[in-house]
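Reviewing the structure listed below.
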Amino acid sequence: MPKRAGLDGLRRAAAGCTACHLHELGTQTVFGEGPRSARIMLVGEQPGDREDIEGRPFVGPAGRLLDRALDDAGIPRDDVYVTNAVKHFKWRPRGPRRIHDTPNEREMAACRPWLRAEIRVVDPLVVVCLGATAARSLLGRDFRLTRHRGELFQLDGGPRITATLHPSAILRGPPERRAELLAGVADDLRAAAAAAR
Ligand code: URA
């Protein structure tokens, strides 16, 4: 972990990270992207299949849904910094497909220094965790989305941190509930943007 590195230096260093075994599984480190001046940082769980191939966060199906929620909330994606709690794709094979596998505590802990470094450099006003995994990485393992969704937390003078549903949870849910769940995420993003003003 380079001391006092900017985003480019961190990205270069993270590309060679071997702090956990996931670097053997993923194609590449998927580092965060977005402006250093972003007031809002979005933190997902880990790159998916598409992100692993392209090397960019939230560019697959979940990313398209996130883009819609941001659009509905009136937040340009180019204004936010988007990253993940874990920066390699953890997967297991199912037939010809690579299926997402949830990162464990050890993998999250190994990657946390990168996330903390991104938060230190970007210094956003609000961090929005997309899903419980990201929220647990930053707020502790007792975090429950059902109980704490939309609450604003603050740790050690850092940015305020809140959490909403992960777009993949919407994709996994019943199609007839998608519009309603997406509207809920857009509402949470709108509230985060108001808190970042
Ligand atoms: N899901 C995530 O949590 N992050 C991504 O980048 C893509 C899908």
Side-chain angles (χ1 to χ4, degrees), residues 7 10-11 14-15 17 20 22-23 25-35 38 40-71 73 75-94 97-112 114-119 122 124 126-139 141 143-145 148-149 161-173 178 181-182 184-186 188-189 192:
L7 288 175
L10 289 171
R11 174 193 303 277
C17 184
C20 78
L22 293 183
H23 71 279
L25 216 51
T27 305
Q28 57 189 317
T29 304
V30 179
F31 204 68
E33 64 178 26
I40 300 175
M41 180 181 286
L42 305 181
V43 183
E45 179 184 297
Q46 59 160 341
D49 183 77
R50 197 66 235 158
E51 289 78 13
D52 173 69
I53 293 164
E54 290 195 30
R56 298 180 54 213
F58 282 103
V59 290
R64 282 194 289 281
L65 210 56
L66 176 63
D67 287 347
R68 273 182 55 193
L70 284 167
D71 209 37
I75 303 169
R77 174 154 170 167
D78 288 349
D79 286 0
V80 299
Y81 187 88
V82 182
T83 191
N84 283 298
V86 169
K87 295 184 176 16
H88 279 106
F89 180 31
K90 183 179 181 186
W91 59 276
R92 58 196 153 81
R94 184 182 293 164
R97 297 180 58 209
R98 303 190 300 172
I99 301 294
H100 158 275
D101 211 358
T102 305
N104 62 33
E105 284 290 334
R106 218 163 357 99
E107 292 149 357
M108 285 198 281
C111 229
R112 198 172 293 120
W114 297 116
L115 178 57
R116 290 220 175 106
E118 288 175 294
I119 293 175
V122 175
V126 177
V127 173
V128 182
C129 300
L130 303 170
T133 303
R136 286 192 189 122
S137 183
L138 288 175
L139 295 168
R141 64 174 75 181
F143 184 92
R144 294 287 174 275
L145 202 52
H148 301 299
R149 176 177 178 177
I161 303 175
T162 187
T164 185
L165 266 192
H166 193 292
S168 296
I170 301 178
L171 289 174
R172 278 196 306 270
R178 271 194 200 156
L181 296 174
L182 190 66
V185 172
D188 290 341
L189 291 172

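All values derive from a computational prediction rather than experimental measurement. Counting starts at 1 for both ligands and their atoms, following the listed order.
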- Message: Donor-acceptor check, side chain of Glu51 to backbone of Pro57, threshold 3.5 angstrom: yes or no?
- Response: no
In ligand 1, the atoms that come under 4.0 Å of a heavy atom of His166 are 1 (N), 2 (C), 3 (O)
Report task. Verify whether one side chain among Glu107 and His88 offers a donor that lies under 3.5 Å from an acceptor in the other. Result -> no
The closest protein heavy-atom partner of atom 2 (C) of ligand 1 is Gln46 O, 2.9 Å
Looking only at protein heavy atoms, what sits closest to atom 4 (N) of ligand 1 is Asn84 OD1, 2.7 Å
Here the atoms of ligand 1 under 4.0 Å from any heavy atom belonging to Gly44 are 3 (O)
| field | Donor-acceptor contact below 3.5 Å, side chain Arg50 vs main chain Val59 | value | no
Please indicate whether any nitrogen or oxygen in Pro57 is less than 3.5 Å from any nitrogen or oxygen in ligand 1.
no
Here the gap from Thr133 atom OG1 to Arg141 atom CZ, rounded to the nearest 0.5 Å, amounts to 13.0 Å
Rounded to the nearest 0.5 angstrom, the CD1-CZ distance for Ile170 and Arg178 is 9.0 Å
A student checking ligand 1 against Glu45 at a 4.0 Å heavy-atom cut-off should list atoms 2 (C), 3 (O)
